[in-house]
Amino acid sequence: MSLPKLAASPAFRSLVGAHSFLLGQAAWHYRPSHLRPSPTSHPHPRQQQQQERAFTTTPPHREAEKERPAPPSRSSQDSSSAPSQSQSQSQEQEQAPHPTHSPSEGANFSLPAGWEDNPDYQIKSFSELPHRFFGYNQHIKVNEDFKEALRQVLWGFRAPIRYAFAYGSGVFGQGSSSGSSEDMSPHPHPPKAVEEWQKGGAKIIDFIFGVSYTQHWHSLNLTEHPDHYSGLKYLPYSSGAISQIQDRIGAGVYFNPFITVNGTMIKYGVVNLDTLARDLSEWDTLYLAGRLQKPVKVLRDDPRIRLANQVNLISALRTALLMLPEKFTERQLYERIAGLSYMGDPRMNSYVTSENPNKVSNIVGAQLPGFRQLYVPLIENLPNVTFTDHRTPKEASWEKEDAIRHTGSNPNLEDILGGESGLELTQDLDPIKRGNMVRRLPGSFRRKLYFAYQGKFGIPGADFDAMLKASEDEDPTGFKTRQGGDFERRVAAQDDLPEMMAKCVRDTVWWPATSQSVKSAFTAGISRSWRYYGEKRKKGNQKAAVTEESGGGEEEKKKRKEEC
């Protein structure tokens, strides 16, 4: 065959094209290092999504065991509506992304500069987060089998769950149990992983389910699990009535307690994702934001909730710092943070539930490594607070390694770094820096603090309204940098700032918490509510007796009264 005829042959052209493609791929794969993108450059969204999917199979640090894939959602099989179709997307991100964190990258890798100046709470995918490692601190390590048992609970619901976490003493220990290993377990036929994890003190496991469409979710769940609901299920248009009760009364959560799923006794609360994101970012009620300020086990993740919760965590850190002196310990810092959501909560009233007066101290004492994982990366990103303890590790991400080393429902903390009090810290009391912290408090909470000092400073109403307008985060020209002004610096310099902030916290918490408790009598039903109340009283009385025997009861009560 002549060369012109060969060149015109379709087979020859296909062969040349294939070889050209292979040569191009080889050249790209083996290109010089100076032509490769830098490690810190922002990848293409599709490339980043592929990386994030890869992270779903690799837990952080020394977690060598791969995640087991979730079974297909039944919601995608049963419903063709738009809300149900979103369930398949949420299941792809049940543990995603769990980034592998190399020591050279450092803890600050998850918090690029300016990440909280203009957060977009309407993001749809993890690739839209400030960084692919963003929020790694929120994923607390637990035993793999126990985590799998918790995820199996989610698969017991056909209604689509976009975000979910397990929390409380059934997941993370709160000090030594007041009961014995012979106490009756609340779980009828629990998986072996639950029995092992809760050995010596079995407890109901608490969940929060974040959903996109409240009425749609309850409609599906009423069909599948009518026994979970109280007499409200008999109302006309019951799903609509239940969703209205959930969204309009209390803190926007609908609880179903004493529910058995896969042989495990649980209590689950349902909240709309918009309500959850707003409370995390604005502190409207601090009801759910307060729960997420403590270690929880995230079982199904959502990008905008992860972003909002990171704002919530750094807001809790700033609030605690504004209430603490120049020098303090980790234990004091974490107890201040953990105690925020309990200020003004009627459940902490000894006449209501006999709640353990040492509750906050017990939570922090048993979960200090978990608190470290949540807050050390944030501490290292604030310019006015630093670890001054000579025992502070120099390695990057040491707090994550410490949390993994002490994984357990009631971990042995005898070898905790820094002892029971943790490491020592110091904060800069410069009024400019503290004024910036005041300015960066959540909007709803910040307005309460401003109003509290309006009366003390005697600022006229018109001038105060103008100041509030000027302090808004956005105006017609766009988003403004949140820098403290003269008013914020004056507030930050006040000696009574800790007491005034505690009052604002109580004013934020007490009404949503009280109305939520009253609502539970109707949503859970009279019998379940009375059972829950009785068990809380019993547990509180047992722990109070243990405290009195140890001789620390009166001292702790006095301490809590002074703090609140």
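Since the structure is predicted, the reported quantities are computational estimates derived from the model, not experimental observations. The first residue in the sequence is number 1, and the count goes up from there.
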If you compare all heavy atoms of [X] against all heavy atoms of [Y], which two are closest, and at what distance to 0.1 Å?
X	Y	answer
Asn137	Gln373	CB-O, 3.0 Å
Leu286	Val505	CD1-CG1, 4.2 Å
Glu399	Arg372	CG-O, 3.6 Å
Ala492	Val438	CB-CG2, 4.1 Å
Pro119	Leu307	CB-CD2, 4.0 Å
Pro369	Ile416	CG-CD1, 3.7 Å

When you measure from the side chain of [X] to the backbone of [Y], do you find a donor-acceptor pair of N or O atoms at a distance under 3.5 Å?
X	Y	value
Tyr121	Arg278	no
Lys519	Ile249	yes
Asp428	Asn384	no
Asn436	Gly484	yes
Asn272	Gly210	no
Asp279	Leu288	yes

(request) Assign the ring pair Phe165 / Tyr167 to parallel, tilted or perpendicular, where the plane angle (0 to 90°) is split at 30° and 60°. (result)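 The rings of Phe165 and Tyr167 sit tilted, inter-plane angle from 30° to 60°.
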
Distance alone, cut at 3.5 Å: any donor-acceptor contact between the side chains of [X] and [Y]?
X	Y	value
Asp496	Tyr453	yes
Lys294	Ser341	yes
Arg336	Thr319	no

(request) May I have the step-by-step check of side-chain contact (heavy atoms from CB on, under 4.5 Å) for Lys297 and Phe172, ending in yes or no? (result) CA-CA 9 Å; Lys297 183 55 190 174; Phe172 299 100; 4.3 Å; yes

Would you indicate whether the side-chain heavy atoms of [Y] and [X] approach each other to under 4.5 Å?
X	Y	result
Trp217	Arg162	no
Glu330	Phe387	yes
Arg446	Glu488	no
Met501	Leu441	yes
Val376	Trp398	yes
Lys327	Thr388	no
Leu497	Arg434	yes
Gln516	Phe255	yes

Supply the atom-to-atom distance [X] [atom1] to [Y] [atom2], rounded to the nearest 0.5 angstrom.
X	Y	atom1	atom2	value
Lys141	His406	NZ	NE2	15.0 Å
Ser212	Ile161	OG	CD1	11.5 Å
Leu374	Ile314	CG	CD1	12.5 Å
Ser361	Tyr334	OG	OH	15.0 Å
Ser517	Asp345	OG	CG	6.5 Å
Ile363	Ile337	CD1	CD1	13.0 Å

(message) Please tell me whether Phe464 and Tyr450 form a close aromatic pair, meaning their ring centres lie under 6.0 Å apart.
(response)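 For Phe464 and Tyr450, the ring centres are not under 6.0 Å apart.
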
(request) For Val360 and Tyr342, run side-chain contact (heavy atoms from CB on, under 4.5 Å): C-alpha distance rounded to whole Å, both residues' side-chain angles, the deciding distance at 0.1 Å, then the answer. (result) CA-CA 8 Å; Val360 173; Tyr342 292 115; 3.6 Å; yes

Pair [X] + [Y]: basic N to acidic O under 4.0 Å:
X	Y	answer
Glu499	Lys456	no
Asp507	Lys448	no
Glu128	Lys124	no
Asp117	Arg440	yes

(message) Applying the side-chain contact (heavy atoms from CB on, under 4.5 Å) criterion to Leu423, which one of Arg391, Arg331, His390 satisfies it?
(response)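 Per the side-chain contact (heavy atoms from CB on, under 4.5 Å) rule, the option paired with Leu423 is Arg391, out of Arg391, Arg331, His390.
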
(message) Against Val491, only a single residue in Leu322, Asp486, Leu449 fulfils side-chain contact (heavy atoms from CB on, under 4.5 Å); can you say which?
(response)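 That would be Leu449.
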
(request) Please assess Asp301 against Phe126 for the test side-chain contact (heavy atoms from CB on, under 4.5 Å), listing each intermediate value before the final yes or no. (result) CA-CA 10 Å; Asp301 211 349; Phe126 288 98; 3.8 Å; yes

(message) Can you list everything that forms a side chain to side chain contact (heavy atoms under 4.5 Å, CB included) with Gln244? Sequence neighbours excluded, please.
(response)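 Only Arg248 meet the side chain to side chain contact (heavy atoms under 4.5 Å, CB included) criterion with Gln244.
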
(request) List for me each residue that meets side chain to side chain contact (heavy atoms under 4.5 Å, CB included) alongside Val385, sequence neighbours excluded, and say none if there are none. (result)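 Leu321, Phe328, Ile379, Leu382, Leu425, Gln427.
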
(request) Please list all pairs passing the ring-ring contact (aromatic ring centres under 6.0 Å, His included) test where one or both residues lie in residues 269-325, with sequence neighbours left out. (result)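 Checked against ring-ring contact (aromatic ring centres under 6.0 Å, His included) - neighbours excluded - the pairs reaching residues 269-325 are Trp283-Phe445.
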
(request) Test Leu276 against Leu292 for side-chain contact (heavy atoms from CB on, under 4.5 Å), laying out the working first. (result) CA-CA 10 Å; Leu276 177 57; Leu292 283 162; 4.2 Å; yes

(message) For the CG atom on Asp463, are there more than 12 heavy atoms of other groups (residues, nucleotides or ligands in this structure) within a distance under 6.0 Å?
(response)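 Result for CG/Asp463: enclosed.
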
(request) Answer yes or no: are there more than 12 heavy-atom neighbours, outside Asp415 itself, under 6.0 Å from its atom CG? (result)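 Above 12, so yes.
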
